[in-house]
Student: 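The structure's right below; bear with me while I get my questions together.
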Amino acid sequence: MAYDDAGRTAPPETSSGVPAAVLENVFDDPAHGEPGRDRIAVHVLWEFVLLAGLVAMAWLLWREDADALRGGALKTLLVDVAALGLLTLAAGLSLRAGAVNLAIGPVALAAALHFAEQGDRGMREALLPALAVAAAAGLALALAVVVLHVPGWAASLAGAAGVIVYLERRTGPVTVQGDYDPRRSALYFFVGFAAVAVLGGLFAAMKPVRRLIGRFRPVADPARRRGAVAATVTALALVGSTVLAMLGGVLIAANGDGQVAPGTGLDWTVLAVGTVMLAGTSAYGRRGGIFGTLFAVCLVVVFLAWTVPYGWTVSRWALGAAVLGVGLLVTRLVETFGRPRPAATVGTGPVRPARDGALSGGWTMTPPPEPADAWPSVLPVRQHDTPVEAWEAPRWDNEPRRWDADDR
């Protein structure tokens, strides 16, 4: 066995055995990628399933209560879609970045309580302090995640516990103050949410954008840092998700029945994370669809509206658990059929697997320079051999015969 010193200066190879310069335009992650690009067909097929479910649920609602889809009831429904949509966008943004924010539910409920108490002072006076606090809280969460490089779910769960301490100070429902009615702008809220969801999905479907957003997703040891770019993008995603959750909480309070009940808010987290996973976003991050978020949010809201004529009371915990369970199955579907196809060629040459003899330091194991039979013999070789006749050995002449006594 020998070590090849030239391997130290050779260009580094990726885990697939192909130089990084070749993979830059082929792999989603040139350092630890798979040959090819993520497949979008699985998302398209699943979004057709969601659309079919939404159409069927809307037809059931129309057949049971046609008034729920016209007039003021329709405006309330559209604002509900926008409110849950903001929470779902918050969950999806952090999930696509590989650091899910579990504090979005408590943040939304805290913003709803704040708006209920301060709404009579005007929208500007009520929103600006909440916006500043949400941005500061998101920045603190982001610094904890990217500086310490800890999982986003763990850091955000600690942040959620801190927000719940604030929520537990309320002992009873808070009546919404002020006269702001979001139903007057219901169509604008719905169109705005739909535009952000669809355009965000379209941009995230592009390879450079998807690779940039999902750069924090671990590819080897999860504790290894993914670089300054990944840290910056993840920090912005966490700050943005916290702000979106705050805005969603304000819409929930303004579009409610006049009171905001205190709680933990974690039921909203479960529902939002489950909805975005139902939409086709992978629980591992990076991968996601285009129209899935819009269809999934509408499906959940229309389902809740469909239960009203029957007098059913559906807990957000139960609904969130159901959509989260289905979302886990969708994640497995997306990760199985959304990864790149095994490619036989990359560029102009065939893709060869990494050599088994490559070491982490850049050295390579090369075969021995000479055959095994060239090694020196262990025993010395006699230079001059003189043949000896067996019958002329001295012992036959000098040794006495053993049976001489018998001749006596």
Side-chain angles (χ1 to χ4, degrees), residues 28-29 32-34 36-54 84-85 87-102 104-105 145 151-154 156-157 197-198 200-202 204-205 207 209-211 213-220 222 226 230 234 237-238 241 266-300 303 316-342:
D28 285 324
D29 190 340
H32 303 90
E34 293 177 288
R37 301 175 182 176
D38 287 349
R39 290 177 284 179
I40 199 68
V42 62
H43 297 283
V44 174
L45 293 176
W46 178 247
E47 287 168 3
F48 271 113
V49 174
L50 289 176
L51 179 59
L54 174 59
L84 180 59
L87 293 181
T88 306
L89 287 176
L93 180 59
S94 61
L95 196 61
R96 291 287 289 263
V100 59
N101 186 359
L102 299 182
I104 55 177
V145 171
W153 67 265
S156 61
L157 191 60
V198 174
L202 284 173
K207 185 189 70 172
V209 178
R210 182 181 62 251
R211 185 170 62 189
I213 296 176
R215 198 175 182 86
F216 199 74
R217 167 175 166 157
V219 293
R226 297 286 286 145
T234 304
L238 289 173
S241 66
L266 291 177
D267 51 346
W268 285 107
T269 296
V270 174
L271 183 58
V273 174
T275 303
V276 76
M277 290 174 59
L278 177 67
T281 301
S282 172
Y284 297 102
R286 195 180 80 179
R287 295 189 172 102
I290 299 174
F291 296 92
T293 300
L294 175 62
F295 294 159
V297 171
C298 292
L299 177 61
V300 171
F303 170 78
R316 279 191 294 269
W317 285 109
L319 182 58
V323 296
L324 187 58
V326 178
L328 292 176
L329 298 178
V330 175
T331 289
R332 186 68 270 154
L333 184 71
V334 167
E335 289 294 333
T336 301
F337 298 102
R339 65 180 57 182
R341 293 186 181 91

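Each residue takes its place number in the sequence, starting with 1.
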Student: Could you report the tightest heavy-atom contact between I40 and G288, atom names first, then the distance?
Tutor: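 Looking at all heavy atoms of both residues, the shortest contact is CD1-O, 4.1 Å.
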Student: Which distance, rounded to the nearest 0.5 Å, do you find between the CG of L329 and the CG of L324?
Tutor: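 The distance works out to 10.0 Å.
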Student: About how many Å separate CG of L271 and OG1 of T88, when rounded to the nearest 0.5 Å?
Tutor: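 Reported to 0.5 Å precision, the distance equals 7.0 Å.
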Student: Enter the distance from Y284:OH to L95:CG here, rounded to the nearest 0.5 Å.
Tutor: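 Here the interatomic distance stands at 11.5 Å.
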Student: side-chain contact (heavy atoms from CB on, under 4.5 Å) with S94: which of V276, L102, T234, N101?
Tutor: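 Filter result, single survivor: N101.
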Student: Do you know which two heavy atoms are closest between L238 and S241, and how far apart they sit?
Tutor: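 Here L238 and S241 meet closest at O-OG, 2.8 Å.
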Student: Measuring from R210:CZ to R217:CZ, what's the distance to the nearest 0.5 Å?
Tutor: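 Atom-to-atom, R210:CZ and R217:CZ are 10.5 Å apart.
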Student: Apply side chain to side chain contact (heavy atoms under 4.5 Å, CB included) to residues V334 and H43 and explain how you reach the verdict.
Tutor: CA-CA 7 Å; V334 167; H43 297 283; 3.5 Å; yes
Student: Evaluate R316 against V270 for side chain to side chain contact (heavy atoms under 4.5 Å, CB included), listing each step before the verdict.
Tutor: CA-CA 8 Å; R316 279 191 294 269; V270 174; over 6 Å; no
Student: Are M277 and V330 side-chain neighbours, meaning at least one heavy-atom pair lies under 4.5 Å?
Tutor: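 M277 vs V330: side chains apart.
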Student: Any side-chain donor paired with an acceptor under 3.5 Å for S282 and R286?
Tutor: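 No.
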Student: So, for R96 and A204, which heavy atoms are closest and what is the spacing to 0.1 Å?
Tutor: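 Scanning both residues completely, I find the closest heavy atoms to be NH2-CB, 2.8 Å.
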Student: Please name the pair of heavy atoms, one in I290 and one in E47, separated by the smallest distance, quoted to 0.1 Å.
Tutor: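 Where I290 meets E47 most closely, the heavy atoms are N-OE2, 2.7 Å.
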Student: For S156 and W153, indicate whether the former's side chain and the latter's backbone hold a donor-acceptor pair under 3.5 Å.
Tutor: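 Yes; judged by distance alone, with no hydrogens or angles, the pair exists.
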Student: Show your working on side chain to side chain contact (heavy atoms under 4.5 Å, CB included) between V145 and F216 and close with a plain yes or no.
Tutor: CA-CA 11 Å; V145 171; F216 199 74; 4.1 Å; yes
Student: If you compare all heavy atoms of T281 against all heavy atoms of T331, which two are closest, and at what distance to 0.1 Å?
Tutor: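 T281 and T331 have their closest heavy atoms at O-OG1, 3.8 Å.
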Student: Heavy atoms only: give me the nearest I104-A272 pair and the separation to one decimal.
Tutor: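 Scanning both residues completely, I find the closest heavy atoms to be CD1-CB, 3.9 Å.
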Student: At what distance, to the nearest 0.5 angstrom, does CG of D267 lie from OG1 of T269?
Tutor: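 Nearest 0.5 Å value for the CG-OG1 distance: 8.0 Å.
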Student: Pair L278, L50 - check side chain to side chain contact (heavy atoms under 4.5 Å, CB included), show working.
Tutor: CA-CA 9 Å; L278 177 67; L50 289 176; 4.2 Å; yes
